[in-house]
Number of protein chains: 2
Amino acid sequence: MPSLSNDYHHGNLRHSLIEASLDLIDREGLEALSLRRLAEMVGVSRQAPYHHFRDKQALLAAIGERGFVQLNCNLQKVVEDESAPLDQRLYQAVLNYLDFALANPALYELMFGRVLWREQDDHQDTHDFQRYAKDCFRQYVRLFDLLKAQGLLPETDNSLRLAQLLWAAMHGLAKLAGDGLFVKREDLAEIARYTLARFRPSTPLQ
Amino acid sequence: MPSLSNDYHHGNLRHSLIEASLDLIDREGLEALSLRRLAEMVGVSRQAPYHHFRDKQALLAAIGERGFVQLNCNLQKVVEDESAPLDQRLYQAVLNYLDFALANPALYELMFGRVLWREQDDHQDTHDFQRYAKDCFRQYVRLFDLLKAQGLLPETDNSLRLAQLLWAAMHGLAKLAGDGLFVKREDLAEIARYTLARFRPSTPLQ
DNA sequence: CAGTGTACTTGACAGTGTCAGGATGGCGCC
DNA sequence: GGCGCCATCCTGACACTGTCAAGTACACTG
C-alpha cells in the first residue's frame, strides 16, 4: 500500500490524472488536453503518467470510461425507478441522456469521438471502455423490453432496433443542439417529445 | 491571371491544397492532416499555405465546405427528380446521406466536428461553411414541405421539426454504423427503413 | 542490511501550428 | 523600357506536443 503523504511517490496518480483531465476539458475543451499540461497540473514530471497509461489514447479511454460509468449509473436509476410508469421512465431516460450530453460537451465528444471507436485498436483499455459503453446502450434495450412486457408496445416490435433508432436520434439531437447547427437549444425538449411520439404515438408527455 | 507553368508561383495552390487534403484524410484519416505534410505533398514550403488560408481552421472550413457542396448537389438531384414518387425520393435522400457518410468517414467527421461548429468563431470562412451546411439541411425541410403539399403528410405536421428529427436520426445512424458501436453495418439499410416507417407508417419501402 | 522493482525524473527527438522577416517575379504605370 | 508594387513564395525561429531511453529515489522483501 503506497503512502499518501510523500513528495516522490504521488500515491494515486492515476486517479488524480483522470480527475484533472475532467476538470481541464470541462473548462477549456477537449483539444486543450495534453499529457504535459496534465502532468504540470498534478505537479509531476511529464513522463510520470506513462507509468499509469500506455499512451495518450489509454488515458482518453479511461476518461471516456468514467463518463460511461456515470451515464450508466444515471440511466439505471431512471430505468429501475418502480415508482414511475414505464413511459415516463422512457421519457426521463431521453431527457437525462440529452442533459448529460449538453452539460458535459467535451466529455461527450470524447466518449463518442472517432479516436476511441476505430476497430483496429485491440488493447485491453479500449475493450473495457467499449464494454461500459455497451452497458449503457443496453439500458435502452431493456426499457423497450419492459414496455413490451407490459403491453405498452406491440410484441412484434424489435427492442434492439428501437433502441438503436432511439439512440441514434438522441445522439443526433445532442449534436444538433450542443453545437447549435440546425436546432436551437430551447427547442430541444419539444423535439424530444416529438421524437418519442414517433415511438409511442398513444400517450402524451409533459 | 497567374501563369500555370511556373516553378516559383504555384498557380493555383489553394485548390491543390484542398484536393490534397481530401486525398490525405481519405487514405490516412483526419488526424494525419497537417499543414506541413500537405505543403510537402504539393511541393511547396511550409508557410506557403498561409497565403491562402488564415490558419489551419480556415483550411478545415474550406475542406468541409467542399463536402457540403458535394452532399448538397447529391441531395438536390434526388429531391428534384420528378420521375420518382415523393416517398421514394425521401427514402433515397436518406440512403444517399448514409452512403455519403460511410463512404467518406474522415470528411464526414470533419464536416460535423466540433472544431468547425463552436459559436465563438466569427470569421468569414466559417460563416460561409455553415451557410453551405444549412443549404444541405434545407433540402430535407423542402422534401417534407413537398410531401405535405401532395397530401402524403398531414398538414398539421411541422416540416422543420420533421427535418430536424430525421437529420438527427441519420446523423446518429451514420455514427453508429460508421464507427461500429451499437449497430452492424449490414443492418443499416433495414434500420433506415425502420426509421422512415416511423415518419410515414403508411407506405412500404424497398 | 543488500537488492529488487516500482514510481518517478531528466534529456532528447521528431513533429506540429504559426510569427517575423527576407526573396522572387509578374503586372501596371510613368 | 525601366521602375516599383505587391501577391506569392521561402527560411529561420519558437513554443508546444507525444514518446523513447536512460537515469534516480524510495518502499518493501530476503
Side-chain angles (χ1 to χ4, degrees), chain A residues 1-18 20-21 24-25 28-63 106 110 113-116 118 120-121 123 125-126, chain B residues 1-18 20-21 24-25 28-63 106 110 113-116 118 120-121 123 125-126:
Chain A
M1 195 185 307
S3 61
L4 289 167
S5 54
N6 188 319
D7 271 16
Y8 192 80
H9 285 60
H10 180 281
N12 77 12
L13 185 53
R14 187 189 157 94
H15 185 263
S16 301
L17 285 170
I18 296 181
S21 300
L24 184 58
I25 65 176
E28 303 192 27
L30 199 52
E31 71 283 358
L33 181 69
S34 90
L35 285 175
R36 293 173 104 110
R37 196 162 159 202
L38 224 47
E40 197 187 13
M41 282 174 69
V42 176
V44 97
S45 88
R46 70 219 127 109
Q47 203 68 357
Y50 282 90
H51 287 262
H52 302 269
F53 302 100
R54 198 175 20 81
D55 54 11
K56 189 179 184 182
Q57 171 110 352
L59 169 66
L60 295 179
I63 303 169
L110 171 59
R114 206 122 203 298
V115 232
L116 295 178
R118 41 182 174 208
Q120 51 173 74
D121 198 350
H123 286 290
D125 316 301
T126 58
Chain B
M1 193 187 306
S3 61
L4 288 168
S5 53
N6 188 319
D7 272 15
Y8 192 80
H9 284 60
H10 180 282
N12 132 12
L13 184 53
R14 187 189 158 95
H15 186 263
S16 302
L17 285 170
I18 295 181
S21 300
L24 184 58
I25 65 176
E28 303 191 27
L30 199 51
E31 71 284 357
L33 182 68
S34 89
L35 284 175
R36 295 173 104 111
R37 196 162 161 202
L38 224 47
E40 196 186 15
M41 282 174 68
V42 176
V44 96
S45 88
R46 72 219 126 108
Q47 203 68 355
Y50 283 89
H51 287 265
H52 302 270
F53 302 99
R54 197 176 19 83
D55 53 12
K56 189 179 184 182
Q57 171 112 350
L59 169 67
L60 294 179
I63 302 169
L110 171 59
R114 205 121 202 299
V115 233
L116 295 178
R118 42 181 176 209
Q120 51 174 70
D121 198 350
H123 286 289
D125 316 300
T126 57

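Here is the naming used below: chain letters follow the sequence lines, and residue numbers restart at 1 for every chain.
Computed from coordinates, the B:Asp55 CG to D:dC16 P distance equals 18 Å when rounded to whole Å. Between A:Arg54 atom CZ and C:dA7 atom P there is a gap of 17 Å when expressed in whole angstrom units. Between A:Glu31 atom CD and C:dG17 atom P there is a gap of 15 Å when expressed in whole angstrom units. Spacing between atom CZ of A:Phe53 and atom C1' of C:dT6 amounts to 16 Å, rounded to whole angstrom units. Atom CG in B:Leu38 sits about 9 Å away from atom P in C:dG17, given to the nearest Å. Put simply, CD on A:Gln57 is 14 Å from C1' on D:dT19, counting in whole angstrom units. Computed from coordinates, the A:Glu40 CD to C:dT10 P distance equals 12 Å when rounded to whole Å. Nucleotide D:dT17 holds its P atom 13 Å from the CE atom of A:Met41, rounded to whole Å.
Checking D:dG18, C:dT18, D:dT11 against every side-chain atom of A:Tyr50, the shortest atom distance belongs to D:dG18. When distances run from any side-chain atom of A:His52 to the nucleotides D:dC10, C:dT18, C:dC8, the shortest one goes to C:dC8. In the set D:dG18, C:dT18, C:dT10, C:dT10 carries the atom at the smallest distance from any side-chain atom of A:Arg46. Closest contact between the side chain of B:Lys56 and the listed nucleotides C:dG17, D:dC9, D:dT11 involves C:dG17. Distances were taken from every side-chain heavy atom of B:Val44 (C-beta onward) to each of D:dC9, C:dG17, D:dT17; the shortest belongs to D:dC9.
Every residue meeting the salt bridge (Lys or Arg N to Asp or Glu O under 4.0 Å) condition with B:Arg114, not counting sequence neighbours, appears here in chain and number order: A:Asp179.
When the shell of 6.0 Å around CD of A:Glu40 is examined, it contains 12 or fewer heavy atoms from other residues, nucleotides or ligands.
Comparing B:Gln47 and A:Ala48 by the nucleotide of DNA chain C that holds the closest heavy atom to each, the one mapping nearer the 5' end is A:Ala48. The residue among A:His51 and A:Ala32 whose nearest nucleotide of DNA chain D is located toward the 5' end is A:Ala32.
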**Message:** Applying side chain to side chain contact (heavy atoms under 4.5 Å, CB included) to A:Leu33 and A:Ile63, what does each step give before you reach the verdict?
**Reply:** CA-CA 11 Å; A:Leu33 181 69; A:Ile63 303 169; 4.0 Å; yes
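Between the CG atom in A:Leu116 and the CD atom in A:Gln57 there is a gap of 5.5 Å [rounded to 0.5 Å].
Side chain A:Arg36 to base D:dT19: a donor-acceptor pair is found below 3.5 Å.
For B:Ser45 and D:dC9, the shortest distance from a side-chain N or O to OP1 or OP2 is not below 4.0 Å.
B:Ala62 approaches B:Phe53 most closely through the heavy-atom pair CB-CE2, 3.7 Å.
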